[in-house]
Structures are given as C-alpha cells and as structure tokens.
Amino acid sequence: MFEQNELSAALIGVTVRDDAGAKVGTVTDVYLDDRTGAPEWVTVRTGLFGTKVSLVPLAAARFDGAEILVAAGKDTVTGAPQVDQDGHLSAQQAAELYHHYGIGSEAGGRRTA
C-alpha cells in the first residue's frame, strides 16, 4: 500500500483512461486535499500535442497501479472548466469542477511540490 506522498509521486506520468478505455492523457501534477493531505485531483495533459491541461477528480477514479481509470468520458475531461494552475484550488473552483463531473462539491486543494 502506498503512503500519501508515495502515491502522489507514483501518479506523475501515469496514463489516464476514460470510462470507455480511451486514453485521455498523462498526469502532470497532483493536488492534495487541504484538510487530509490525500491526493484529490490530478492535472492531465491532453490534446494532440499535449498542449491542454485539465483537472480530474480522483473521487470517482481508480488507480490500478499502472493507469488511472476515470468515471468520465474523454470529452467531459477535456471540456472541464479551466482554472489558473497557481498551486491551489479555491473551494469555488473545486465546486465548479465537481459539478462539471457530476460529483458532490468538496473543499479546495493544493498542488504537491
């Protein structure tokens, strides 16, 4: 079993696949829950040349040790609201993203170093 810091590090560079098994992109960053310190969000580099970055919640995702499988389609991920990647998600930004993904609203998060 991974410790939280080990899990955050292990997620960087991992392939993200959607609910149909299609590749969405690659994890570039991990955001932690402000209260628990547990990984809550990942940024995923998407697009033909990996030029777009989308935030994906881990609340409805599975990490099988090699890939992250998200409970959303690729279009949902790439259509997620864009937020400034300044290292922290406000509670409002997190709520907008959770609403987009159809998941109950949670608190904000901070990016791992």
Side-chain angles (χ1 to χ4, degrees):
M1 187 71 170
F2 287 110
E3 293 293 324
Q4 288 179 359
N5 288 340
E6 291 171 334
L7 178 57
S8 292
L11 294 175
I12 303 297
V14 167
T15 296
V16 175
R17 294 200 180 272
D18 71 7
D19 56 358
K23 182 178 177 179
V24 174
T26 305
V27 174
T28 57
D29 250 324
V30 178
Y31 281 66
L32 304 178
D33 181 281
D34 284 339
R35 294 171 306 209
T36 67
E40 183 176 13
W41 299 90
V42 291
T43 57
V44 179
R45 189 163 304 282
T46 63
L48 185 59
F49 299 105
T51 57
K52 184 175 180 190
V53 175
S54 299
L55 278 155
V56 178
L58 294 174
R62 282 190 355 245
F63 179 50
D64 67 7
E67 298 179 322
I68 295 175
L69 309 169
V70 296
K74 184 174 183 172
D75 290 341
T76 300
V77 173
T78 58
Q82 296 297 298
V83 297
D84 292 332
Q85 293 182 16
D86 61 359
H88 188 268
L89 286 179
S90 69
Q92 179 180 350
Q93 290 170 322
E96 290 172 10
L97 285 161
Y98 274 118
H99 177 74
H100 173 78
Y101 285 103
I103 301 171
S105 179
E106 298 290 332
R110 58 185 158 73
R111 186 172 58 205
T112 58

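These figures come from a predicted structure and were not determined experimentally. Numbering starts at 1 and runs along the sequence shown.
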Q: Start with the C-alpha distance between Val16 and Val77, add both sets of side-chain angles, then the distance that settles side-chain contact (heavy atoms from CB on, under 4.5 Å), and finish with yes or no.
A: CA-CA 10 Å; Val16 175; Val77 173; 5.9 Å; no
Q: CD of Glu96 to CG of Leu55: how many Å apart, nearest 0.5 Å?
A: 12.0 Å
Q: Shared ILVMFWY cluster between Phe63 and Val24, side chains joined below 4.5 angstrom?
A: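 Same cluster.
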Q: Output the distance between atom CD1 (Ile68) and atom OG1 (Thr15), rounded to the nearest 0.5 Å.
A: 9.0 Å
Q: If you compare all heavy atoms of Tyr98 against all heavy atoms of Ala59, which two are closest, and at what distance to 0.1 Å?
A: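 In terms of heavy atoms, the two residues are closest at CE2-CB, 4.2 Å.
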Q: Quick one: NZ on Lys52 to OG1 on Thr43, what's the gap to the nearest 0.5 Å?
A: 13.5 Å
Q: So, for Leu97 and Ala80, which heavy atoms are closest and what is the spacing to 0.1 Å?
A: CD2-CB, 4.1 Å
Q: Considering residues at least two apart in sequence or located in another chain, which fulfil the side-chain contact (heavy atoms from CB on, under 4.5 Å) criterion with Thr26?
A: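 Checked Thr26 against side-chain contact (heavy atoms from CB on, under 4.5 Å); matches are Lys23.
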Q: Which atoms form the tightest heavy-atom contact between Pro39 and Val30, and what is the distance?
A: CB-CG1, 3.8 Å
Q: Shortest non-hydrogen contact from Arg45 to Val53?
A: NH1-CG2, 3.5 Å
Q: For side chain to side chain donor-acceptor pair (under 3.5 Å), just list the numbers for Thr78 and Ser54, CA-CA rounded to whole Å, side-chain angles, deciding distance to a tenth of an Å, and then say yes or no.
A: CA-CA 6 Å; Thr78 58; Ser54 299; over 6 Å; no
Q: Between NE2 of His88 and CG of Asp34, what distance do you get to the nearest 0.5 Å?
A: 3.5 Å
Q: Only pairs at least two apart or in different chains count here, so list each salt bridge (Lys or Arg N to Asp or Glu O under 4.0 Å) that has a residue in residues 8-18.
A: Arg17-Glu67
Q: Does the pair Leu58 and Glu40 meet the rule for a side-chain contact (heavy atoms from CB on, under 4.5 Å), with working shown?
A: CA-CA 5 Å; Leu58 294 174; Glu40 183 176 13; 5.9 Å; no
Q: Checking side-chain contact (heavy atoms from CB on, under 4.5 Å) between Trp41 and each of Asp33, Leu32, Leu89, which is the one that passes?
A: Leu89
